[in-house]
Amino acid sequence: MSASLPTARAIEDQLFAALGIVRVVLLLNAVGWNIHRRDNFQHPEAAVACVAVMVLWTFVANVSYGRPRLRTAQLVVVDLALAVVLMLVTPWVKGEGYRATVPGFWVAGALLAAALRFGWRGGFMAGVVLAVADIVPREELRQSDVGNAFLLILAGTIVGYLCASLQTMAAEREAAQREATAAAERARLARAVHDGVLQVLALVQRRGRELGGDLGELGALAGEQEDRLRRLIRAQDSLSVDADTFDLATALTGLEELPGVTVSTPGHPVEMGAATALEVVAAVRACLDNVRLHVGEDAPAWVLLQDRQDRVEVSVRDDGPGIAPGRLEIAAAEGRLGVSGSIRGRIRDLGGTAEVATGTFGTEWRFAVPRERPDTAYGRRHE
Amino acid sequence: MSEIEDPRAIRVMVVDDHPMWRNAVERDLRQAGLTVVGVASTGREALARFPAARPDVLLLDLQIPSPDGIEVTAEVVRQDPSIRILVLSASGESADVLAAVKAGATGYLVKSASREDLLEAVRRVADGIPVFTPGLAGLVLGEFEGPSHGGASAPPEARLTARETEILRMVATGMAYRQIAERLVLSHRTVQNHVQSILGKLRMHNRVELTRYAIERGIGDA
């Protein structure tokens, strides 16, 4: 039963509390009508007894339904049975040709209790039982009697359905909240575990380096794993939610896979159109390939991504001897497009600029690429 | 141990919850002639022992039992604005590291840094020279250029000058201060001053952000 969840249980409690008030109102209404029609009774003492039973049962029902433990099928059945009996004795108490039954609308209390407790099925069944009990003893059937019977069944079913869906919704919301809390807690634990692992890997790496030999190798292995784990955590931190755009920061961070490469990013996702972002990454890769070729296989290289809002800037630097003056121009003039072709060409196609600086500090490529984003695009058209 | 403490030696306090790591670092520092004036394994211990230990440099792991490294940084700087804090973190550059630097840390190093790098960093930080990794420099640049800070809305004294941006960019592409000085034809000292100024602005930037936040929420009217 969905009422096993605390929120669903709380909703049921609340609805039964409201029903308690409804029952009292229904009781006052029934007692009032019976007093008003006190001259219609063939057996007035029996009518008094019936009203007494209704007063007593309203009290007992309100106390019992107020306790979740007592809200059993038996209680609902007794509740309904009593309503049915009071309806069935009406011909004897009032004589044939009566219009209203002795309990009148008071039977709605039992109907609603069945609906609240057992959903639309409970409401429907209680409605049918009460409708039959209302119609069967009557000698002649008027249109309004049939209408009332129909309303009983309809009301029981609808209230039951609404109550059940209210509980289901509450249960789903609670489950979702619990899931979110659990996910956050898992992430927190994972972070703590990762951190512990990173600490140990860092320590092994450091001690290994100091001791050298086999342990030095072990240390180097630990260093590699430390690098990978850290990269994984960074990638997870900046997972993009939007499928249409592409986070250039995460894509460039992936280049740290290459030996000697360090990537610095702004610390927030840098969303761009996927095609542009991939071209930028390809241009950076071409720069890094160049470093491998001209400086060395494991030569250190740094990649920096800057988010300048209307454009992104990427710098790629190595610590190599630099490019001899004029070499790029000579290569281009000879038709060897290698560097300038694949790097400058790609960036120019994106509407950006590529500059290269070289000196004792090594070689530095710098790209500026306009950002293809509809909301910021207008400023660029006028440039 | 029969070392004679040099009264001019840098006084360091080491805060880390891993005993093996703490011992290794402590030994390295002592062997290099620095004085370890205290150790702590939790934020609470660190704050309790800090006033009596009176270190020049606090070597602080960010991931320690509560209060964490960022809170410890903020509290220690509040008590003694002249304290130099070198933050160590195993998990690499992240929002945590940036937060610690904004709270008043002078430098940051990955835990896997070599012994020499660590000693060098401690000495620099003791002199008040910021120790940035390229990754942290990238984050700081992002902080000044990022979408939430539209540079123009910050007061001029909290914005980076063109020169400072240039230097920070060079740090973020792995250049040492010496290389930057050479490339920009500046003295080593001038480059260091620029980097110090960047750090100061980062903290002011942080305060400006907080103030703006307070005013937007109507807290700053009083």
Side-chain angles (χ1 to χ4, degrees), chain A residues 191-192 194-207 209-210 219 222-223 226-227 229-231 233-234 237-238 249 253 256 260-268 270-271 300-309 313-319 357 359-362 364-366 376, chain B residues 16-18 20-25 28 61-64 88-98 110-118 132-151 165 168-176 178-180 182-184:
Chain A
R191 199 162 280 283
H194 285 155
D195 199 70
V197 174
L198 285 170
Q199 301 254 21
V200 174
L201 288 175
L203 186 62
V204 171
Q205 187 187 358
R206 198 157 181 275
R207 294 291 290 150
R209 204 159 33 201
E210 284 167 17
E226 186 211 345
D227 249 22
L229 180 54
R230 193 178 305 141
R231 218 159 36 233
I233 296 169
R234 274 173 74 182
D237 280 352
S238 53
T253 304
E256 285 197 336
V261 176
T262 306
V263 180
S264 306
T265 63
H268 56 252
V270 180
E271 304 283 356
W302 292 267
V303 178
L304 167 67
L305 171 64
Q306 288 172 271
D307 179 5
R308 308 301 300 267
Q309 319 206 38
E313 289 182 15
V314 181
S315 311
V316 185
R317 191 185 73 86
D318 66 57
D319 252 341
T360 51
F361 53 86
E364 183 182 80
W365 279 93
R366 219 172 148 183
T376 54
Chain B
D16 196 304
D17 58 332
H18 285 61
M20 263 181 92
W21 176 272
R22 213 166 50 223
N23 294 339
V25 167
D28 287 351
D61 183 14
L62 274 192
Q63 285 81 24
I64 48 169
L88 292 172
S89 163
S91 348
E93 293 88 10
S94 64
D96 290 357
V97 175
L98 187 63
V110 195
K111 270 203 155 175
S112 52
S114 69
R115 185 171 175 269
E116 293 69 36
D117 285 348
L118 177 69
F132 278 99
T133 57
L136 177 59
L139 289 178
V140 173
L141 265 176
E143 193 67 13
F144 282 101
E145 295 173 339
S148 54
H149 310 282
T165 307
L168 196 51
R169 216 180 55 74
M170 289 180 180
V171 175
T173 52
M175 289 176 73
R178 174 187 46 77
Q179 285 176 301
I180 297 172
E182 201 176 316
R183 182 168 172 185
L184 296 176

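Letters A, B, ... mirror the listed sequences (proteins, then strands); counts begin at 1.
Proximity to chain B (any heavy atom under 4.5 Å) is shown, for D318(A), by neither the backbone nor the side chain. Interface residue A113(B): only backbone heavy atoms are found under 4.5 Å from chain A. Interface residue A357(A): only side-chain heavy atoms are found under 4.5 Å from chain B. The contact between D28(B) and chain A is made entirely by side chain atoms (from C-beta outward), counting heavy-atom distances below 4.5 Å. The contact between L118(B) and chain A is made entirely by side chain atoms (from C-beta outward), counting heavy-atom distances below 4.5 Å. Using a 4.5 Å cut-off between heavy atoms, Q205(A) touches chain B through its side chain atoms alone.
With sequence neighbours excluded, no residue forms a salt bridge (charged side-chain N to carboxylate O under 4.0 Å, His left out) with D17(B). With sequence neighbours excluded, the residues satisfying side chain to side chain contact (heavy atoms under 4.5 Å, CB included) with D16(B) are Q199(A), H18(B), W21(B), R22(B), D61(B), K111(B).
By number of non-hydrogen pairs under 4.5 angstrom with chain A, the leading residue of A24(B), G138(B), A90(B) is A90(B). Chain B forms more heavy-atom pairs under 4.5 Å with one residue of T262(A), T265(A), L229(A) than with any other, namely T265(A).
Electrostatic pairing of E364(A) and R183(B) counts as a salt bridge here, judged by a charged N lying under 4.0 Å from a carboxylate O.
Between the side chain of S89(B) and the backbone N or O of L62(B) there is no donor-acceptor pair closer than 3.5 Å. With hydrogens and angles disregarded, no donor-acceptor distance shorter than 3.5 Å links the side chain of R209(A) to the backbone of G219(A).
Here L304(A) contributes atom CG and S315(A) contributes atom OG; the two are 5.0 Å apart, rounded to the nearest 0.5 Å.
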